[in-house]
Enquirer: 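Below are the structure tokens for one structure; questions will follow.
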Amino acid sequence: MKNYDLVVVGGGPAGMAAAVAAFDAGVKNILIIERDTKLGGVLNQCVHNGFGLTRFKENLAGPEYAEKFSDEVEKRDIDVMLSTMVLEVGADKTVTAMNSEYGVFTLKPMAIILAMGCRERSKGALNIAGARSAGIYSAGTAQRYVNIEGYLPGKNVVILGSGDIGLIMARRMTLEGAKVHAVCEIMPFSSGLKRNIVQCLDDFGIPLYLNHTIVDIQGKERVTGVTIAEVNPVDKKPIKGTEIHFDCDTVLFSVGLIPENELTKNAGIPMSPRTKGAIVNQYRETDVEGIFACGNVLHVHDLVDFASEEAEIAGRSAYEYISGKLNKEKTVNLINGANIGYVLPQKITVPSGDVKVFFRVTNVFKNVTFKVKDGDEVVISKKKLTVAPGEMETIVLKSDLLSANKSGNITIELEAQND
Amino acid sequence: MYDILVIGGGVVGGMILRELSRFNAKICLLEKESDVAMGASRANSGISHAGFDAKEGSLKAKFNVLGASMMPKVTEELGVKYKNNGSIVVGFNDEDMETLQGLYERGLKNGVKGLKIIDQQELRTLEPNISDDAVGALFATTAGIVCPYELAIASIGNAMDNGAELKLNFEVDKIETGEYFTVTSKDGQVVKAKYIVNSAGIYSDKIAGLIGDNSFKIGARKGEYILLDKESGNFVNHTLFFCPTKKGKGILVSQTVDNNIILGPTATEQDDKDDVTTTADGLNDVIASANKLCKKVPVFNSITSFAGLRAYSDRHDFIIEKSALNDKFYNVAGIESPGLTSAPAIGDFIANEVAKDLNLNKKDNFNPTRKADYFFKNLTNEEKNAVIKKIPEYGKIVCRCESITLGEILRAIRENPKATTVDGIKRRTRAGMGRCQGGFCQPVIVSVLAKELGIPYEQVTKSGKGSEINVGRTK
Ligand SMILES: Cc1cc2nc3c(=O)[nH]c(=O)nc-3n(C[C@H](O)[C@H](O)[C@H](O)COP(=O)(O)OP(=O)(O)OC[C@H]3O[C@@H](n4cnc5c(N)ncnc54)[C@H](O)[C@@H]3O)c2cc1C
């Protein structure tokens, strides 16, 4: 087998963008390993529009967005191995993979970019009582049945969780002739994008039950109904007497996405419990030098445009690393202050250029002030009208601000009244 | 005409069939579901009990101790996962320690080896996550864990490889007696046989009733479980029990052979013999009890919950005997825990009894082994490559969470007893049993099943008729 300078694990939007950026920066021997039969990752099953608005100023369907990148990969001398599963990544920068053609094989590139994407949290994680009949799917699995296989998994649907895939599937199933009776969400707000609530639920008259969860699923062979109930917003326990029953044959779960980091963890790469991805610096380099991560495997993005942007940082940085130009003199830690769910990157090495920091808030708030602090000293203060956990926030930390950092820490916090 | 019919394809019927297949006889297993191992044998704790629980002199005690001693060899022959991890009954006060002393002595009487009482310090060394309130324990080194549905499937597969037949979707509805038995299924299929073994689990009283034998009743007691991700797989090393009380054994916390952690079961009486739904109260009980036994149980890592029904007899012991009404009809009923452990011994006992009655000879060419390839992921890279070279489908991973390949899935569909459903593949290969619970691999498995079975995609079921995964084509 050929010797590669860079191996990219995963051929979704992040993996492709990372490979292209690395190539354009100057890395010549690049291999993308993808377990599916084609490049594109999860975008292949996202046939709806809404991709590329930021990046291309165009409203593209998922597969169209993916194609733009796979065309770029094809134009360059980048090797792609499909139907190949990476079994192990080693901290010594080895990649062990398997396919039908070569069996199990190990590569030892100079750098690795992890871009394995994320998976849905399953129903099992919630310990919801009731039957285990046919008709219970994660929203993404249903999406695959409808959009790739061309089959309808059910006709009368209740959806738990108002994540974006759930919202999009509410619309998709409706367009396919199914009746979506309800979307219920245990939180007092949706974790999905506002535009999806409007375009996928409101426009079709599908009710959204906030502060509700499923308390029972009935059925033997196939689901025959579900019972939902309101929850106490504090302890999330169902309130007796608030039950609503729906006759239905299908329950979809859209209860969160989890970065798929089995390989990362097995490699012993330190993880962030907040993002559920690796801890990285602004180059998207993990604590193991030369191993980078980007896209949904690092943290779950709401828009693919941001995943691509992040992947390009990782791709360019991989080049810098391979050519020995990643200069790290000092590390500044980024800290989640009040009301902040997570901050990415978790550290910044200086000297650096301007660094765009991504973060999420923990709740829905109005009239907020974001504060960036060096120790106790506020160095940036920025106001915003409304924020929600479903929408990623960004803030740019200027190069001089970073090199002037005294405390070794930068805290980002939010001041607000709870909505 | 069959020599022997076995009714009920659980682990008990399976082990009986397998032991019978050692003899020259025409044998057949009748199972009402779309697959074997669909009853108690698919949803239980999977413990190979040491044998100190059952009262001395009972059938439970006898078959348990015997079965536990046979388990390592049987599982090895059948390629079923088994681990001799040892079990620990935990005491929380003086009264418990007295009970444990009683169990220890009963164990000795039952012939259990490797029992010892351990103190708090040793307990904490063995199980660092044990509750701070635990004061001592009974340690049983011969106990183990085994995959129950795998044992049922493999024993039936091995019997079939040795000539036994299997009829699925055959719900026995009528049995006419006479010179021989005429057995009719609910949908009108008829088979005849000289001899019948009734191992129909929770419905074995109904089957006995079909020949007029109403000498026992079987009740249903539900047990609910929560399964934790293998990420928490080393939370405990042994099988941990509470001290038994008048109310029963209580819940356990144990490793499984697939390196998950299992919590449960509850114990609730119910009239419905088919209801295996979980309940909010039940699952909450499991969590609360587990947290009494251990410290900070990682329940956040749960991947699924499920329930099984214990089939207990009103005689409160196993019933393993000829019917008083017909000496060619064996009842093997009330096989609640430790039924899984006892199954190899029960199979051996029944097969030899029946063979004596029918004057059967042993086959010269009986093959006791059934190779399991779901150990594929545990092979060395060289071994994997040798397999992939021969069968390239082993190079293609379908279930990411459990690293199950297309080769294994095809084998599950093609080898005895053949899987015809998504759940059937899951029980044979583990595809879909990992943390994403089939989210990624199910659509692929559906298409492989459709192709292999030669049926339309939308006719593929989760678990038999009425459980179709899809309802039709998109617009
Ligand atoms: C919660 C729980 C925990 C347990 N834990 C343990 C443990 O840790 N260790 C242990 O040793 N044991 C344990 N047991 C006991 C063990 O699971 C059972 O003893 C064992 O599985 C019984 O096997 P079986 O073949 O008798 O029953 P089943 O597996 O129920 O098989 C009976 C079969 O008969 C079929 N059948 C019924 N009626 C008909 C009909 N009319 N026609 C055709 N087929 C029919 C059914 O479909 C079924 O497949 C546990 C049981 C439960 C429920």
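What's counted below: heavy atoms across the whole structure, side chains too, no hydrogens, waters or symmetry copies. Lettering of chains follows the sequences in order, A, B, ..., and the numbering in each one begins at 1. Predicted, not measured: the structure shown is a model, and the values here were computed from it.
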Enquirer: Rounded to the nearest 0.5 Å, how far apart are SG of A:C248 and CD1 of A:I217?
Expert: 8.5 Å
Enquirer: What's the shortest heavy-atom distance between A:V104 and A:M98, and which atoms?
Expert: CG2-SD, 3.8 Å
Enquirer: Can you pull out all donor-acceptor pairs below 3.5 Å that join chain B and chain A?
Expert:
residue	atom	partner	partner atom	Å
B:E231	OE2	A:K265	NZ	2.7
B:T278	N	A:G130	O	3.0
B:T278	O	A:G130	N	2.8
B:T278	OG1	A:G130	N	3.0
B:T278	OG1	A:G130	O	3.3
B:S302	OG	A:G124	O	3.3
B:S302	OG	A:N127	ND2	3.1
B:N385	OD1	A:V104	N	2.5
B:N385	ND2	A:V104	O	3.3
B:P392	O	A:S100	OG	2.5
B:R400	NH1	A:E260	OE1	2.9
B:R435	NH1	A:E262	OE2	2.2
B:G439	O	A:T141	OG1	2.8
B:Q442	OE1	A:Y145	OH	2.8
B:K462	NZ	A:R132	O	2.7
B:E468	O	A:R222	NH1	2.8
B:I469	O	A:Y137	OH	2.4
B:V471	N	A:L152	O	2.7
B:G472	O	A:L152	N	2.7
B:R473	NH1	A:Y151	OH	3.1
B:T474	N	A:G150	O	3.0
B:T474	OG1	A:G150	O	3.2
B:K475	N	A:E176	OE1	2.7
B:K475	NZ	A:L175	O	3.1

Enquirer: B:A386, B:G472, B:G464, B:A280: which one forms the most heavy-atom pairs within less than 4.5 Å of chain A?
Expert: B:G472
Enquirer: Give, as side chain, backbone, both or neither, the part of A:M85 having an atom under 4.5 angstrom from any heavy atom of chain B.
Expert: side chain
Enquirer: Is the closest side-chain heavy-atom distance between B:I287 and B:V297 below 4.5 Å?
Expert: no
Enquirer: Against chain A, label B:V446 side chain, backbone, both or neither, depending on which of its atoms sit under 4.5 Å from a heavy atom there.
Expert: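 Contact with chain A: side chain only.
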Enquirer: Mind running side chain to side chain contact (heavy atoms under 4.5 Å, CB included) on A:V180 and A:V157 for me, showing each step along the way?
Expert: CA-CA 5 Å; A:V180 179; A:V157 187; 4.2 Å; yes
Enquirer: When rounded to the nearest 0.5 angstrom, what distance separates OG in B:S45 from CD1 in B:I262?
Expert: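 These two atoms lie 5.5 Å from each other.
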Enquirer: Sort A:I258 into side chain, backbone, both or neither according to what part of it lies under 4.5 angstrom from a heavy atom of chain B.
Expert: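 Neither part; nothing is under 4.5 Å.
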Enquirer: Looking only at heavy atoms and a cut-off of under 4.5 Å, which of A:G135, A:A131, A:A142, A:G150 has the most pairs with chain B?
Expert: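 That would be A:G150.
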Enquirer: Could you please spell out the steps behind the side chain to side chain contact (heavy atoms under 4.5 Å, CB included) verdict for B:F235 and B:L228?
Expert: CA-CA 10 Å; B:F235 179 69; B:L228 306 184; 5.6 Å; no
Enquirer: Could you look at A:I128 and say if it's the side chain, the backbone, both or neither that has a heavy atom under 4.5 Å from chain B?
Expert: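 For A:I128, the contact with chain B is made by the backbone alone.
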Enquirer: For B:I469, is it the side chain, the backbone, both, or neither that has a heavy atom closer than 4.5 Å to a heavy atom of chain A?
Expert: both
Enquirer: Report the option among A:V223, A:V146, A:V215 that has the most heavy-atom pairs separated by less than 4.5 Å from atoms of chain B.
Expert: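 Option with the top pair count is A:V146.
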Enquirer: Rounded at 0.5 Å granularity, tell me how far CG in A:L87 sits from CG in A:L263.
Expert: 8.0 Å
Enquirer: Supply the atom-to-atom distance B:I226 CD1 to B:I303 CD1, rounded to the nearest 0.5 angstrom.
Expert: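 The CD1 atom of B:I303 is 12.0 Å from CD1 of B:I226, to the nearest 0.5 Å.
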Enquirer: To the closest 0.5 Å, what do you measure between CE (A:M173) and CD1 (A:I159)?
Expert: 7.5 Å
Enquirer: Quick check for you: to the nearest 0.5 Å, what is the distance between B:L449 atom CG and B:I413 atom CD1?
Expert: 4.5 Å
Enquirer: Below 4.5 Å, heavy-atom pairs only: which of B:P443, B:G466, B:A307, B:P392 has the largest tally toward chain A?
Expert: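 Most pairs with chain A among the choices: B:P443.
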